Amino acid sequence: MPVTFHIPGTLREFTDGRNTIEIEQSPATLADALSALWKLYPRVRDRMATEQGQIREHVNLFIGDENVRYTGGLASPIAAGSEIWIIPAISGGWGVTSGPGRERPAKFGIVDSREKESLFVFRLTGTVVREFRRTMLKGHELAEFREQLLDWFRQFRRDLPWRRTKDPYRIWLSEIMLQQTRVAVVIPYYERFVERFPNVQSLATAPENEVLRLWSGLGYYGRARNLQKAAQQVVVRHGGNFPANLEELLALPGIGNYTAPAVLSIAFGEKLAVLDGNVARVLARIGTIGGYLRESQRWQGLQEMANSLLDPESPGDWNQAMMELGATRCTPKSPQCLICPVAQFCEGCKLGIAGSLPEKRKKHATVEIHLAAAVFADENGWTLLLPPPEDQNNESLADYVPATVSRLWHFPTVPVSGDSVAKLRSVLGELVAKKQNGNLRLFAAGKIRHTVTYRAITVQPYRINTKKLPRIKGAERVPLQEVTVLPVSNLTRKIARAALEAVSSVSQKRRELSFR
DNA sequence: ATCCAGAGAG
DNA sequence: CTCTCTGGAT
């Protein structure tokens, strides 16, 4: 009789999706059985055991109904045919191992009863299906959640230079540096920076070059410039005292909705919850929040959730704990739910779907754009190009045709639906003197396809042969063969080529005719 | 909402 | 190279 391991959802990605694994040999002890399992699936080992080979604190093992904690741990004897259950620390749930579309029978519900320091196992019959929904922690559960996370953070927090100060200037500096770079990279930069610029005054009065030199290697130099600009504003407007309220902080360049609450909570203990990418991911998993998180309404909802979870007693630690959890445990890929201090409060973990949250942004559906372009050609083969559009304040840039086609020199272009000739004529009528317009003859050249990000553009070029080029305000005259003497986009080049080919095929036909 | 800048993954 | 991600700005 083989020994069977039951694998939790959180580990299945390491077992080729299997939820049970049979060990054919007859292991004498749990340690032997685990060795056999880990040999088959080595990555399971990392999640279950420390490097020293100890079972991680948040992993529970059951042989049948017995928690191995009380049957001798790794030395527990294994009988032939034993069923061994690997259970992540989940409490307060009722064996919720199913979600929509994942009909798995629920085997266990575990309630962690702290008073008795023991675990109770409940066998459930049938299937439990939980809806995919948002949950809000409150009351006793919320208090417990806060305590667990803060305890974890205070125990495991890394000793980082900016965690040894309450100086808002230094907190701010670290936040700006950390926005863009890993902790390990930031440390030496941070230390050099505060040594040279120990306070906001020294930063404000430094030559910009020196600031950039100390920043050099971190990238995002615009943020270094903003940093100094903000320091100067702090000195001039606030007498060198770092503003301690949200509005004034947000008014400083480079400080936005993330940085302001971070500085205020950590340096001043203000009760403001931060929401960055890490925190958002944690929240999405805790509350099983589907959809793309950056969508404005959803992001707002996440901010509210963050606000409600914030521990009012220690907002700074709380915010850092949430971010640290996201950075070190609740990571984007394969979250370590098995060793997460708050797994028991996490719907995503309970449903075994934490790793598939948050959802990716849906690809922007491609928008089909149909345009018609006018390619004038005079007797000498010269054409007309319009200048790059000025800033369009009143018109959405995306809808503005020349901008769609690129903000460079371009042929007169109009959006069309239906009769493109008529549309182009009417628009040209506004540009070109009336008497000339009536005589314009439009020859359709080959259609052009062009793709820019999510836009699929089809252009119908019309060649318009004229004796003299019309006068159009701002337009520039160039030889059609050499439109590239002005800065043009690839699309404009394609249009020019199509217009040239069209005319050559026309003249070829004429030649063919004349030979007869 | 959308754009931008810059970095990093693939 | 392209695609994706992030926080700020508008």
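Keep in mind the model is a prediction, meaning the values are calculated, not measured. Every chain is numbered from 1, with letters handed out A, B, ... down the list of sequences.
Distance CE (A:M323) to P (C:dT6): 14 Å, rounded to an integer number of Å. To the nearest angstrom, C1' of B:dA1 lies 12 Å from CD of A:Q297. Atom P of nucleotide C:dC5 and atom CG of A:L178 are separated by 21 Å, given to the nearest angstrom. What separates CG of A:L227 from P of C:dG7 is a distance of 17 Å, to the nearest Å. Spacing between atom CH2 of A:W299 and atom P of C:dT6 amounts to 8 Å, rounded to whole angstrom units. Here the P atom of nucleotide B:dA1 and the CZ atom of A:R294 are 15 Å apart, to the nearest Å. Spacing between atom OH of A:Y292 and atom P of B:dT2 amounts to 12 Å, rounded to whole angstrom units. At whole-Å resolution of the value, NZ in A:K360 and P in C:dT6 are 12 Å apart.
Between A:Q179 and A:T259, the side chains place a donor N or O and an acceptor N or O closer than 3.5 Å (distance only, hydrogens not considered). Side-chain N/O atoms of A:R18 and A:Y41 include a donor and acceptor closer than 3.5 Å. With hydrogens and angles left out, the side-chain atoms of A:N226 and A:R223 include no donor and acceptor closer than 3.5 Å. Of the N and O atoms on the side chains of A:Y258 and A:E175, at least one donor lies less than 3.5 Å from an acceptor on the other residue.
Between A:Y190 and A:W162, the ring-plane angle classifies as perpendicular under the 30° and 60° cut-offs.
A heavy atom closer than 4.0 Å to some atom of DNA chain C occurs in A:P253, A:G254, A:I255, A:G256, A:N257, A:Y258, A:T259, these being the qualifying members of residues 249-262 of chain A. For DNA chain C, the residues of residues 271-281 of chain A within the heavy-atom distance limit of 4.0 Å (strictly under) are A:D276, A:G277, sorted by number.
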Run the side-chain contact (heavy atoms from CB on, under 4.5 Å) test on A:Y292 and A:K360 for me, step by step, so that the C-alpha distance in whole Å, both residues' side-chain angles and the decisive distance to 0.1 Å come before the verdict.
CA-CA 6 Å; A:Y292 176 57; A:K360 288 209 183 94; over 6 Å; no

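Taking the six-membered ring wherever Trp is involved, the centroid distance between the rings of A:Y189 and A:W215 does not fall below 6.0 Å.
Salt bridge annotation for A:R192-A:E195: absent, with no cationic side-chain nitrogen under 4.0 angstrom from a carboxylate oxygen. Using a 4.0 Å cut-off between charged nitrogen and carboxylate oxygen, A:R196 and A:E191 do not count as a salt-bridge pair. One finds a salt bridge joining A:R158 and A:E324 here, because a Lys/Arg side-chain nitrogen approaches an Asp/Glu carboxylate oxygen to under 4.0 Å.
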Could you list all N or O pairs between the protein and nucleotides 7-10 of chain B that sit under 3.5 Å apart?
unit_1: B:dA7; atom_1: O4'; unit_2: A:Y220; atom_2: OH; d: 3.3

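For A:N257, the CG atom counts as loosely surrounded, since its 6.0 Å shell holds 12 or fewer non-hydrogen atoms of other residues, nucleotides or ligands.
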